[in-house]
Amino acid sequence: MKIYNTLTKKKEEFVPVNPPKVRMYVCGPTVYDYFHIGNARSFVMGDMIRRYLLYRGYDVKYVMNLTDVDDKIIKRANELGEDPKKYAEKYIAEFFKDIDGLKVKRADAYPRATEHISDMIELIKKLEEKDVAYNVDGDVFYDVRKFKDYGKLSGKKIDELESGARIEINENKKNPLDFALWKKAKEGEPEWESPWGKGRPGWHIECSAMSMKELGETLDIHAGGSDLIFPHHENEIAQSEAATCKDFVKYWVHFGFLNIRDEKMSKSLGNFYTAREVLKKYPAEAVRLLFAQTHYAAPLNFSFELLDSAKKATERISSLAKTVTEKLASKNFGDEEYELNFEEFENKFRIAVDDDFNFPKGVAVIFDFVKAANREMQNKNLPKSFYENAKGFLERTAQDVLGIVDFNFQDEDKSTGGKQDELIKILIELRQKAKAEKNYALADEIRDKLSAIGIILQDSKTGTTYKIKS
RNA sequence: GGCGGCGUACCCAAGCGGUCUAAGGGGACGGUCUGCAAAAUCGUUAUUCACCGGUUCGAAUCCGGUCGCCGCCUCCA
């Protein structure tokens, strides 16, 4: 397996520190609002990578932080006259709703910043002891000049950054690039006791403290959006490696942006759709397929047209999944031979995705498979093993790894306790009679009227089936 | 100004020196199946990879230049 490592700017063979264990950390949300579809890309891609590692037999521990204390949260909460802690709490709940909506598997842990203040204080103390941090009247800063590798991830040089001079000048800092580890308490802000007086942690320190606490001093994979490379991840490296004298992360993985009309989608530009509003109109499978069809590191230009085509594509897979499932339930099998080589398809899928999580290529293998399976099933009475193998392949790849199909079909009819299904079957029966009497006008009327309310009838040699358009 | 990325058919997109007269998805058009549809299937839709040079027996893939687009350098997935 190969992974492109931002740190070395090369594709490298993936060798975890302690195989088969993989410790993976993905930067999570700052919970001050609903997340948008661009954020969703990172959460979904992190999820897919994790699922693929599981598929490949790794024992993955997957951790995502929740930033629940931060300038933006405090600002918003204060504007609304709410308690910042409660405000964050609310958006944590909303975060989980949207994550579930995207069919992202829950992480093994979601550490929260406010629950790890003491770990952060310990880490800052260590940095102070090592003389890479300095306290100015209750504000504690990291001294970037003391870390010789500063800039190794982003390829930036301290001198050039300084001359760039886009950084706000803070009188208390020795160097404009120094960043806050601990912020002195201000009126109307949450605060915690510390050796430097009351205050709250800086942003970067939480990821260092919590990831090391959950996963140990050296992580196998650390992922996040490309905009985090500098300064966030650069600073994480500085903090963690200065404290432990060990490599913080073996493989840095960064996701490309989701653009809209060729511009980065971001809250500050205001050009975003929330994941929630997208999920109202499109199933998670369509969103996930859209993401899976572009390499994770490349930019992806978002549009509803693309989602439409992704949705259509997922329907090809789910219709095969449905056919196979129904066939297995019917217990009606033949014994004709088939040529489809299931093992070969699975090998192709694995080889494709092993190469730096090339999901687009993996998706192509799945569609090749769909075509091949449909071709075999045409006018053939196939044995049970065919359907079992087809189901197995789709479950392992399209469902468990990519999440672009879901074999749980029975959800549509819960509210009516199956009565809707019976009703439709009665109509199909009546239409069948009309057809037998060559009363095509009536048969077509039944079909058209059902179609108008989103129930699509499909005739085939073995009878009529229906599907409900979402 | 510094650093990085990108430009492949109507749209999206894989491709990392030969198997590329270039995967896969969507769209369009035509055939099969069907009473008609739908679904499925078959076929067509880039001898060419922004442009110009170069390296090589051989380049979409490497190098140089030109044009265009984007990102990071400030909170941001």
Side-chain angles (χ1 to χ4, degrees), chain A residues 4 6 9 11 26-30 32 35-46 70-72 75 151 154-157 159-168 177 203 223-232 234 254-259 262-269 272 289-290 292-295 297-301 303 305-317 319-320 323 348 352 355-356 358-368 370-371 373-375 377-379 435 438-441 443-444 447-448 451 456-461 464-467:
Chain A
Y4 179 85
T6 311
K9 298 191 169 48
K11 219 186 259 185
V26 177
C27 284
T30 298
Y32 71 103
F35 64 83
H36 61 62
I37 193 72
N39 301 320
R41 185 184 189 192
S42 289
F43 302 146
V44 169
M45 292 325 291
D70 150 279
D71 291 349
K72 275 181 290 218
K75 186 166 170 261
S154 56
K156 298 186 188 304
K157 296 191 175 61
D159 296 333
E160 287 166 1
L161 283 166
E162 282 178 8
S163 61
R166 281 181 73 188
I167 311 123
E168 65 173 291
L177 294 171
W203 176 40
S226 304
D227 48 358
L228 297 181
I229 295 172
F230 190 89
H232 186 53
E234 195 70 70
H254 289 97
F255 307 125
F257 295 122
L258 189 99
N259 295 154
D262 288 317
E263 267 192 329
K264 177 181 169 184
M265 180 180 286
S266 75
K267 295 227 171 107
S268 38
L269 288 171
F272 61 90
L289 179 62
L290 175 66
Q293 276 179 312
T294 302
H295 187 80
L300 193 168
N301 219 353
S303 75
E305 289 72 35
L306 287 178
L307 260 179
D308 283 330
S309 74
K311 188 180 165 203
K312 285 243 173 65
T314 59
E315 284 163 4
R316 297 195 57 206
I317 307 171
S319 111
L320 173 63
T323 306
K348 278 187 180 159
D355 184 12
D356 193 25
N358 193 332
F359 294 119
K361 218 170 180 176
V363 167
V365 173
I366 288 171
F367 281 107
D368 284 339
V370 169
K371 183 172 278 189
N374 279 327
R375 203 186 295 143
M377 292 191 306
Q378 255 180 333
N379 307 317
K435 276 175 67 175
K438 298 227 190 299
N439 185 352
Y440 294 123
D444 289 351
R447 187 173 60 195
D448 292 347
S451 163
I456 313 294
L457 299 192
Q458 292 178 349
D459 295 338
S460 77
K461 286 215 171 75
T464 300
T465 57
Y466 74 91
K467 66 176 183 184

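Note on naming: letters A, B, ... go to the chains in the order of the sequence lines (proteins, then strands), and numbering restarts at 1 for each one.
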Can you tell which of B:C72, B:A77, B:A14 lies closest to the side chain of A:A298?
->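 The nucleotide sitting nearest to the side chain is B:A14.
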Ring-base stacking, A:Y440 with B:G35 (5.5 Å, 30° cut-offs) | yes
How would you list, by chain and number, every residue that makes a salt bridge (Lys or Arg N to Asp or Glu O under 4.0 Å) with [X], sequence neighbours excluded?
X	value
A:K157	none
A:D444	A:R447
A:K361	none
A:K267	none

Reading 5' to 3' through nucleotides 2-10 of chain B, protein heavy-atom contacts under 4.0 Å coded B for base, S for sugar-phosphate only, - for none | B--------
By ring-ring contact (aromatic ring centres under 6.0 Å, His included), A:F35 pairs with (sequence neighbours left out) A:F43, A:F95
Residues forming a side chain to side chain donor-acceptor pair (under 3.5 Å) with A:K312, sequence neighbours excluded =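 Not a single residue meets the side chain to side chain donor-acceptor pair (under 3.5 Å) criterion with A:K312.
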Sequence neighbours left out, what passes side chain to side chain donor-acceptor pair (under 3.5 Å) with A:S460? Give chain and number order.
->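 Here the qualifying residues are A:T462.
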Under-3.5 Å N/O pairs linking protein and nucleotides 24-33 of chain B:
unit_1: B:G25; atom_1: OP1; unit_2: A:R316; atom_2: NH1; d: 3.1

Side-chain donor/acceptor contact of A:D70 with base of B:C75 under 3.5 Å |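 Counting by modelled atom types and ignoring angles, no donor-acceptor contact under 3.5 Å is found here.
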